[in-house]
Structure formats: C-alpha cells, structure tokens
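Worksheet: the structure to be examined is printed underneath.
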Amino acid sequence: MVDGDTLDVQTESRKVRIRVHGIDCPEKDQPYGLKAKVIATTLASGKIVTIRKRGRGIGKFGRTIGDVILPDGKNMNQILVQAGACWWFKRYAPDDETLSDLEAEARAKIRGFWAEPNPMPPWKWRKERNKR
C-alpha cells in the first residue's frame, strides 16, 4: 500500500499503481492517515485482488482508477468508507449512492476519523498545506 487510497498491484508481467475509485483517505501526515493505510493494508496486502476499472481508467497521475475487489468478493472502497477510514470523494463519484450511504452510516455511528473533534477532508488538508 502506498497510502489508504493508492496501492501497487503485481500482475503477471508488471506492477500497476491503482487509485481506489470514489474515496479519499486522510493524508499520511493528517490525523488518521496512517491508520487508514493500516486498515487498507490489512484488507489487501499480499492478497489476490481484482481491479474493476472505472471511467477512462487512468487518472491524472498515471494511476489506474478502479474498485478493489477482495478475495471474498467485497469491495474495499466501500469497506474503507464504512469504517470511517476515508471520505466518499463526491467530486469523482457523484452518483455513487452506496458510498454516500456508507459515509452517512460511518458519521452517524462515529466510526474511524468521525470520532475526531474536527475531521478535515484530505482535499481541504492538501489545499491548506499548499498555502504555506
């Protein structure tokens, strides 16, 4: 795992960097950032996963964008949102009602970073950090 929403997947012939679709995990230096990475690592590291490409398939940083399907068939994107380890990234998945519902559930049950006093979305964290 590179971080909570980016992972490297080894195929038969090469390593592919995957940007997990529809979510945005806290940055590593942001509260809960390392915890999000640990949760994602626990879910996917060393396991055979399936990547379902989304949209054009390649993001602006050259990463393949997709859903990460775990060996048991569960969607890692959804598990991370439900655990309160990441935000539903509405900008890139505006019509994903499942992610919307799972984020609302995590907020209501105060899971993960929702237990923090003032959780800040990573896109705002990055913007604030870049102002410095």
Side-chain angles (χ1 to χ4, degrees):
M1 296 298 298
V2 175
D3 57 28
D5 53 35
T6 304
L7 66 149
D8 290 330
V9 174
Q10 182 65 48
T11 69
E12 290 179 10
S13 59
R14 65 188 174 102
K15 184 167 63 172
V16 179
R17 186 152 285 182
I18 306 297
R19 173 62 169 90
V20 183
H21 174 75
I23 69 170
D24 201 4
C25 287
E27 297 294 321
K28 291 179 205 173
D29 57 345
Q30 184 177 358
Y32 215 81
L34 291 177
K35 179 70 173 167
K37 180 180 178 180
V38 168
I39 293 169
T41 299
T42 300
L43 289 168
S45 185
K47 297 178 181 157
I48 296 173
V49 298
T50 301
I51 307 301
R52 284 196 200 132
K53 290 185 182 177
R54 292 295 207 120
R56 294 178 302 140
I58 303 293
K60 66 180 178 180
F61 297 112
R63 299 173 294 187
T64 299
I65 299 170
D67 291 340
V68 179
I69 308 303
L70 301 170
D72 64 2
K74 293 181 181 174
N75 182 308
M76 185 176 91
N77 316 35
Q78 295 171 359
I79 292 170
L80 291 171
V81 173
Q82 187 174 34
C86 64
W87 274 259
W88 162 43
F89 208 171
K90 297 172 195 170
R91 178 176 174 191
Y92 294 107
D95 299 324
D96 195 319
E97 292 180 24
T98 300
L99 292 180
S100 173
D101 292 346
L102 291 172
E103 182 179 284
E105 176 187 322
R107 283 179 185 239
K109 294 187 176 179
I110 314 171
R111 289 189 189 129
F113 59 71
W114 297 112
E116 298 287 325
N118 295 303
M120 180 184 291
W123 54 91
K124 288 184 181 178
W125 178 272
R126 290 186 292 269
K127 187 175 181 180
E128 290 296 316
R129 188 174 57 189
N130 289 336
K131 284 182 182 179
R132 298 177 197 154

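Proximity of P119 to Y32: side-chain heavy atoms (C-beta onward) are nowhere separated by under 4.5 Å. Residues P122 and Q30 form a side-chain contact, since some pair of their non-hydrogen atoms from C-beta on lies under 4.5 Å apart. The side-chain heavy atoms of W125 and D29, taken from C-beta on, include a pair separated by under 4.5 Å.
Note: W123 and W87 have perpendicular aromatic rings, judged against thresholds of 30 and 60 degrees for the angle between ring planes.
Closest non-hydrogen pair, P26 versus P31, comes out as CB-O, 3.7 Å. In terms of heavy atoms, L7 sits closest to V9 at CD1-CG2, 3.7 Å. Pairing each heavy atom of C86 with each of I23, the nearest pair is SG-CB, 3.6 Å. Between A40 and G4, the shortest heavy-atom distance links the atoms CB-O, 3.6 Å. Of all heavy-atom pairs between W88 and P94, the closest is CZ2-O, 3.7 Å. Residues A93 and G22 share a closest heavy-atom pair of CB-CA, 3.6 Å.
A distance-only check finds no donor-acceptor pair linking the side chain of S100 to the backbone of D96 [under 3.5 Å]. Using modelled atom types, no side-chain atom of D5 and backbone atom of V20 make a donor-acceptor pair closer than 3.5 Å.
Between R63 and D8 there is no salt bridge, since no side-chain nitrogen of the basic residue lies less than 4.0 Å from a carboxylate oxygen of the acidic one. A salt bridge is absent between E128 and K124; no separation between the charged side-chain nitrogens and carboxylate oxygens falls under 4.0 Å.
There is a path of hydrophobic side-chain contacts, each under 4.5 Å, that joins L43 to V16. Note on L34: it does not cluster hydrophobically with W114, by side-chain heavy-atom contacts below 4.5 Å among ILVMFWY residues.
In E97, the CD atom is not crowded: 12 or fewer heavy atoms of neighbouring residues, nucleotides or ligands sit closer than 6.0 Å. For R126, the CZ atom counts as densely surrounded, since its 6.0 Å shell holds more than 12 non-hydrogen atoms of other residues, nucleotides or ligands.
The CZ atom of R19 sits 6.5 Å away from atom CZ of F89, with the distance rounded to the nearest 0.5 Å. The distance from atom CZ of R52 to atom CD1 of I18, rounded to the nearest 0.5 Å, is 13.5 Å.
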Could you go through residues 69-84 and list every donor-acceptor pair under 3.5 Å that involves a side-chain atom there, pairing it with any protein atom two or more places apart or in another chain?
from, atom 1, to, atom 2, distance (Å)
D72, OD1, K74, N, 2.9
N75, OD1, N77, N, 2.8
N75, OD1, Q78, N, 3.1
N77, OD1, V68, N, 3.0
N77, ND2, H21, O, 2.8
N77, ND2, D67, OD1, 2.9
Q82, NE2, E105, OE2, 3.1

